[in-house]
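Indexing begins at 1, ligand by ligand and atom by atom, following the structure's order.
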Amino acid sequence: MDIVDLTRRLVAIDSQNPGASEGAIVDEITVFCRAQGFNVRRVEVEPGRPNLLVTVDRGPGPHLGFSGHLDTKPVGDALGEWRTDPFEVTVDSNVAYGLGTSDMKGAVAAMLLALQRFAAEGPSGVLALVLTADEEQGSNAGAKALASSELPPLDALVIGEPSGIERPWEALHLVSRGITCFEVDVRTAQGHSGLSARLGRNAVLVAADIVKAFEQFHPPVDEPGLVPCSPTVNPGMLIEGGVCFGTWPGRCTVGVEIRLVPGMHRDSVRSTIRRLVDEIVGETASATIRYHDGSLGWMPAVGLDPDTAIVTAAQRAAQRVLGCALPIAAYPGGTDATYFMNTAGIPTIASLGPGWLSVAHGPNEHVGVDQLHQAVELYAVLAEEFLAPPGDPRDGATDP
Ligand SMILES: [Zn+2]
């Protein structure tokens, strides 16, 4: 099947999250895989939110996995800005438009076709697809649950999140950033605003100082990782306070998000944040810091050593298919790599996929048709390079 046609089949199935979720797309991929004779296992940790594990075993050898999430972010408030139907892949000037074309149904389609090619003519070894639910909302029903018990044994994983930001295949992303989100509740004395000169700074003004202070904040990185990258601080993600005109406000809450990099420790980050807030608030107010529960409260970053076998294999594949090895970089967002690496202990490339992160989650998401074809080739060649590296007796084998 043609890569654009298979991408079209996947995009046509609504898997918005929150929204329709992954049941129908898993059914569709299961039909495709059964027709090819692939081994398929559906893992439904949360009812209605299935993951799919697809395996082709061509005999003794290493086990490699490709992974993609099956959900998309919702169309949301941007429907009026779409120039085409988000659920109908529309090709214009060699660019395919549709929801999830870059993030990341195009990559999943390419993985399925690469697996088809591996089944027909790959070297000895096992190639698996780990197709996950719920990545766009914290991975609780997906990678987070899978990584703790349900994954097949894998020597390495490659996630097909879109590698481009400004240009396609921009880098080989070995860091998946983490996140910590918190709210600071500021309290002061509420009173009559006619007496503001006597009442001191109000909670909204103190909160504004906190937002400004976080704009300049550099959180500590205790042990910098092997891939150069820095955390980013996003202050003022939300703000809420005040009562009405006439009342000098006594309460204000501000939300701050920090994107983490490897080597940041929760305790030292949190104590530095506490010190900064205390310094701003001083004697004029009181402040409570509330970290979110679950993944948003603290999801650590992970980083893969550039000398790992899967990285070497990916670079050889890039050289063969794209004509050059790729620069090593950190992925700006979070990915399922956090769970695959931290929980399951599998060396994971956070992003090597067609498309652009910069067009994801917004209107007119698209992917280059050439990139889709390259992705099929790249994944098929990467499987060869990892399962039967140069010099390996299985190199070039066509039958197990
Ligand atoms: Zn994604």
Side-chain angles (χ1 to χ4, degrees), residues 7 10-11 13-22 25-26 29 49 51-52 65-76 78 86-87 89 96-112 129-147 157-166 168-179 257 259 295-296 299 301-302 304 329-341 348-368 371-372 375 378-379:
T7 305
L10 301 184
V11 168
I13 301 168
D14 182 354
S15 59
Q16 296 176 92
N17 181 18
S21 76
E22 303 82 3
I25 192 166
V26 162
I29 295 174
R49 310 296 306 271
N51 300 271
L52 199 65
F66 290 123
S67 180
H69 60 82
L70 300 176
D71 56 334
T72 67
K73 278 278 198 270
V75 173
F87 296 100
V89 165
Y97 293 84
L99 184 68
T101 44
S102 262
D103 187 16
M104 51 178 293
K105 292 178 175 179
V108 169
M111 290 170 187
L112 286 163
L129 304 190
V130 178
L131 304 178
T132 62
D134 201 22
E135 194 272 348
E136 297 290 8
Q137 297 295 331
S139 304
N140 286 327
K144 196 171 176 180
L146 281 178
L157 262 167
V158 178
I159 301 178
E161 291 280 2
S163 296
I165 295 168
E166 286 173 6
W169 308 112
E170 188 165 320
L172 184 58
H173 295 103
L174 303 188
V175 166
S176 181
R177 294 210 299 174
I179 193 166
E257 167 198 296
R259 294 284 178 158
S295 310
L296 282 180
M299 184 177 86
V302 289
L304 185 63
Y331 204 55
T335 72
D336 282 340
T338 289
Y339 303 108
F340 296 146
M341 286 188 77
T348 303
I349 290 179
S351 145
L352 179 62
W356 296 268
L357 184 65
S358 45
V359 300
H361 304 185
N364 307 306
E365 181 178 346
H366 54 273
V367 66
Q371 293 166 49
L372 291 177
L378 186 67
Y379 294 147

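- In terms of distance to the Zn ion (ligand 1), the nearest N, O or S atom of His69 is named NE2.
- Checking Glu136 against the Zn ion (ligand 1), every N/O/S atom stays at or beyond the 2.8 Å cut-off.
- The N, O or S atom of Asp103 lying closest to the Zn ion (ligand 1) is OD1.
- If you check the side chains of His361 and Asp103, you find a donor sitting under 3.5 Å from an acceptor.
- Checked by atom type, the side-chain pair Glu22/His69 shows no donor-acceptor distance below 3.5 Å.
- Aromatic ring pairs are classed by plane angle as parallel below 30°, tilted from 30° to 60° and perpendicular above 60°; the pair Trp356 and His366 is tilted.
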Check the pair His173, Thr335 against side-chain contact (heavy atoms from CB on, under 4.5 Å), reporting the backbone distance first and the verdict last. CA-CA 11 Å; His173 295 103; Thr335 72; over 6 Å; no
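- Among the atoms of Glu161, an N, O or S atom falls under 2.8 Å from the Zn ion (ligand 1).
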